[in-house]
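What follows is a short report on a single structure.
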Number of protein chains: 2
Amino acid sequence: MNTFDLTKNSKPMLAPVDVSTVQERVYQSLRLGLLRGEFLPGEQVSIRALANMLGTSAMPVREAIARLIAERAIEQSGPRTLRVAPYHASEHEAYIRIRMQLEGYAAERAASGPKNPKLVDALRRHNDQIKEALQVDDYDSALTGNQAFHFELYRASGYSQLLDLISTLWLRTGPIVASARKDTSLFERVFTHGVKIHSNVIDAVAQRDRAAARWSVNLDIRSSHLAIRRFYKLADGNAADVSGAD
Amino acid sequence: MNTFDLTKNSKPMLAPVDVSTVQERVYQSLRLGLLRGEFLPGEQVSIRALANMLGTSAMPVREAIARLIAERAIEQSGPRTLRVAPYHASEHEAYIRIRMQLEGYAAERAASGPKNPKLVDALRRHNDQIKEALQVDDYDSALTGNQAFHFELYRASGYSQLLDLISTLWLRTGPIVASARKDTSLFERVFTHGVKIHSNVIDAVAQRDRAAARWSVNLDIRSSHLAIRRFYKLADGNAADVSGAD
DNA sequence: ATATTAGATATGTGATCACACTTTAATTTC
DNA sequence: GAAATTAAAGTGTGATCACATATCTAATAT
């Protein structure tokens, strides 16, 4: 009878666990900052400086940073140096491929569930936000709208764990995408194209066409990836003119 | 010219960064312990206790734990309580599906590269280790052999980032799989079947058949998942006889 | 004017302490 | 003797200090 004396899963219902500690708020704050592009790829960060900025001591920041290091959003570039994960072409390529697998799968699931008009409406609303933001050159709004669109879709996959994983990946891609906003012309072109692709995604979800949903999302990811790559190639060329970096 | 004043990626070559701090060693130690099933799902952990056990102070353990929390290997079950992620059927199901996407993709890539006899040899060797371990009922060796087989395959995908992500997922699944070793009969049956499936994987890699590789790996994941689920269903039934838990 | 060096500042890391709180054990009380 | 109460450990969390070392600044020497 005591063959299986493993610690019983005492809490079958997944506990919300709202525990609001300082480190948790610091973590969420840094996470949001990364996602909104308030940090540049490769930018150095300092525990004490962040602690001052956030009006707290070093401790909570240290643990928040430790979590972000585990998520590869921040890395140690030297013995006593922390920085936001820099852009590296081949690395980024790998992340893009992985994202296509994961986000494509999430889209596939979202499109294969029961008919969901509320989801379709929400997606259309987010896409409209992007469209309107572009007309007034509000790139912050365009970025948050884009994020809202994708996360709304992925949440509909029904797997919160999948959403978690994807958002971790966005944490690494986030600063890179956001920094590309500096090339306004490229940014606008990409997002204008993105709005059209999103329409295809919405149609696929509305028609419950799994394959089309996956395909469209992958196209969206890939096309923005190509733009990013082009942006960094240009930036690299320009930077080479100024600094004679190794 | 200063259109793109983003922080230049000063280190194009990905630095190894060997910095051997105490917290890093603690982290690796806990990680290995989780992977080898030295922790039970749902088991409570204490920072101070671990610090004593590892012969250090609380600080390095705190940051190591923070990283493991970010990887969802450890979670806070209460305001001041930490535990190893418990088994929860539906949650586990989600992780299995995600693993099938990611590990299937990695296998697909490993099988679609140039002909790689050294990889095939290594895989065969790992699979033999499992086979031999089963004959002498050495379940530890069977588990590490299985892990070596899968990671060898995924490493051949060429994406270290993919390997990282997968190993993070194994960190969550690890204690669950390892604890199922308590049912020796089920364990042996599953792994005996697993050895056969691994052969199919090896064949697929040898013949560079992408689809077969993905399909076989997914079968491996799914079949072990079904066994785990069965194990926990049995354990749950038995536990219900003993404890009148809610 | 350039290169070298010495000092000062800032860095992450580890240890320790104080605190609020929960859990457990012992004690007291009825 | 059983139940209620109280005291004692034990918990994660946050703050602070000490330390070795890396990085930058400024003065010195060439």
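Each chain gets a letter, A, B and so on, in the order its sequence line appears, and its residues count up from 1.
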Would one find a side-chain N or O of B:Ser57 under 4.0 angstrom from OP1 or OP2 of C:dG14? no
Could you tell me the separation between the CZ atom of B:Arg48 and the P atom of C:dG14, rounded to a whole number of Å? 18 Å
Among B:Arg97, B:Glu93, B:Glu91, whose side-chain hydrogen bond (donor to acceptor under 3.5 Å, both in side chains) with A:Tyr159 holds? B:Arg97
In whole angstroms, the gap separating C1' of D:dT16 from CZ of A:Arg62 amounts to 11 Å
Phosphate OP1/OP2 of D:dG12: any A:Gln23 side-chain N/O under 4.0 Å: no
Is A:Thr56 near enough to D:dG14 that one of its side-chain N or O atoms lies under 4.0 angstrom from OP1 or OP2? no
Could you tell me whether A:Glu188 and A:Arg181 have a side-chain N and a carboxylate O separated by less than 4.0 Å? no
Spacing of A:Glu63 atom CD relative to C:dG12 atom P, expressed in whole Å: 15 Å
If you look at every strand shown and take non-hydrogen atoms under 4.0 Å, does A:Val45 touch a base, only sugar-phosphate, or nothing? sugar-phosphate
To the nearest Å, give me how far apart CD1 (A:Ile74) and P (C:dG12) are. 10 Å
Could you tell me how far apart A:Gln44 (CD) and D:dT23 (P) are, to the nearest whole angstrom? 8 Å
A:Thr81 side chain to A:Ser77 backbone, donor-acceptor under 3.5 Å: no
Salt-bridged, A:Glu71 to A:Arg31, with N to O below 4.0 Å? yes
Hey, which sits more toward the 5' end of DNA chain C by its nearest nucleotide, B:Met59 or A:Thr81? A:Thr81
Whole-Å distance separating the CG atom of B:Asn52 from the C1' atom of C:dG14: 15 Å
If only side-chain N and O atoms of A:Gln76 are considered, is one of them under 4.0 Å from the OP1 or OP2 phosphate oxygen of C:dT13? yes
To the nearest angstrom, how far is B:Arg80 atom CZ from D:dG12 atom P? 10 Å
Heavy-atom nearest nucleotide on DNA chain D taken for B:Leu82 and for A:Pro60; more 5' hit belongs to B:Leu82
When you check the gap from the basic side-chain N to the acidic O, do A:Glu75 and A:Arg83 get nearer than 4.0 Å? yes
Rounded to the nearest Å, what distance is computed from the CD atom of residue B:Glu24 to the P atom of nucleotide C:dG14? 10 Å
